[in-house]
Amino acid sequence: MSKKLISIILSCVLVISLALVGVIGVSAAADTDGRYVPSESVKETNRVYFLMPESWKSEKFGATGAGAYWWNGSDPCGSVDGTSVGAAWPGYKMQVADADANLFYIDLPSDVPVIIFNNFLNGGERKKDDAGNVSYEFGEEQFKAARQTVDTTCQYYSEGDDDYYDNMLDGTFWEKAQEAVEGNDKTFLGNFQKNFFMETEYDLGISMNFDNMVFIIDPNNTSVNEVSGKESYGGEFYFFYGKNEETGNYEYGGLPNYEQAKAEGVVMNIDKNATPDEPASKPTDPSNNNNNTNPTTTVPAPDQNATSATNAVSTSDTANNTDNNAVQTGATTAAAVLAVLLVAGGAVVYTRKRFE
């Protein structure tokens, strides 16, 4: 075999190996199951839970789990206007906390300001022509089977951001939180002490992030986009208390201290089968104290922020269909792979010339 032929073979092997290294090294954003994990550039995350309603499942279209989509901050998905290029709609698959309970979670980069939870199904676009005729990209049935929330704030709340917490404890929620943050008695904060902080960049005062909190949709709070025809659900972030070992139910509520939440009647059980007639989205109004006496619940401690993937391998449905089992990569990945291929190509030319 001539030196020239050997050099060409070796060069081809070099190109392939470098390309593979480039793809594996910069992919991140998904584990071996195709579920989101923070890329290595993400330094801080909040573990956010999501209760996906049972009615959002669609065996016919493979919608059996939850997805999360965001277009600003770290590891952004691909935006409709092209300002970010990453995982196409419906975004990233969420990790499974409890499949039987339809409870999912994601270690969300702390700089992500807005998120959309969905059932990880691309429903496609609905279009109207000038005559008013309606057509569906993937069919009307798939369009209606795809479910999602509204654009949801997920970075932090400050006083004035959310009516539910602004009105909690007769409007003293934030006052009590600030007293606990600044004082020696942290009882009010329960197991969520790390969630509360004084926001100084914009001078917003006492604030809280959503680490180890759960987003519950409100079946009664829906809106339909007049242009896209897409129905979206509102909801709320609540403190996630974990699984009650005596009842077997997961519990959540409106106060960081579990015992106080029970006393105020703002502890609820997670119910994946909640309907508009029996919503599981809002704990009892604190003004109606029912002295809930549920037994002790195992409350999760604040999560240690994930920083990297160990096994790394805008607001409505888009025209880009996605494979529910695909490992998503972003613009950084594409650029890195292109750079690797260019370097490898140069190596081919050099090697061939070297042996000619």
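Everything numeric in this text was worked out from a predicted model, so none of it was measured.
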- line: In short, V96 meets Y105 closest at the heavy-atom pair O-CE2, 3.8 Å
message: I'd like to know whether NZ of K128 has more than 12 heavy-atom contacts from other residues, nucleotides or ligands below 6.0 angstrom.
response: no
- prompt: Ignoring hydrogens and geometry, is there a side-chain-to-backbone donor-acceptor pair from N46 to V48 under 3.5 Å?
  reply: no
- prompt: How many angstroms lie between atom CG of D98 and atom CZ of F104, to the nearest 0.5 angstrom?
  reply: 9.5 Å
message: A side-chain contact here means heavy atoms from C-beta on lying under 4.5 Å apart; do W71 and D151 qualify?
response: yes
query: side chain to side chain donor-acceptor pair (under 3.5 Å) with N209: which residues, sequence neighbours excluded?
result: N195
- prompt: Between Q95 and D31, is a side-chain hydrogen bond (donor to acceptor under 3.5 Å, both in side chains) present by the stated rule, with each step listed?
  reply: CA-CA 10 Å; Q95 300 286 347; D31 61 16; 3.0 Å; yes
Exam field: side chain N167 to backbone D163, donor-acceptor pair closer than 3.5 Å: yes
task: Please identify each residue that fulfils ring-ring contact (aromatic ring centres under 6.0 Å, His included) with F196, with sequence neighbours left out.
output: none
message: When you measure from the centre of the six-membered ring of F143, is the NZ or CZ of K230 closer than 6.0 Å and no more than 45° off the axis?
response: yes
- prompt: Is L204 isolated, or which residues cluster with it under the ILVMFWY side-chain rule of less than 4.5 Å, directly or via members?
  reply: Y156, F197, Y202
- request: Please tell me if the side chains of F237 and T153 come closer than 4.5 Å, counting only heavy atoms from C-beta onward.
  value: no
When the side chains of residues 59-68 are checked against the rest of the protein, which donor-acceptor pairs come out under 3.5 Å, sequence neighbours left out?
{"from": "K60", "atom 1": "NZ", "to": "E141", "atom 2": "OE1", "distance (Å)": "2.8"}
{"from": "K60", "atom 1": "NZ", "to": "E141", "atom 2": "OE2", "distance (Å)": "3.3"}

Ring centroid separation Y157 to F210 under 6.0 Å: yes
message: Same cluster or not: W70 versus V150, using hydrophobic residues (I, L, V, M, F, W, Y) connected whenever any side-chain heavy atoms lie under 4.5 Å apart?
response: no
Show me, pair by pair, the donor-acceptor contacts under 3.5 angstrom made by side chains of residues 174-182, not counting sequence neighbours?
{"from": "W174", "atom 1": "NE1", "to": "D166", "atom 2": "OD1", "distance (Å)": "2.8"}
{"from": "Q178", "atom 1": "NE2", "to": "E182", "atom 2": "OE2", "distance (Å)": "3.3"}

query: Under the side chain to side chain contact (heavy atoms under 4.5 Å, CB included) test, which residues partner N221, sequence neighbours left out?
result: D218
Side-chain donor/acceptor of D111 to backbone N/O of S74, under 3.5 Å: yes
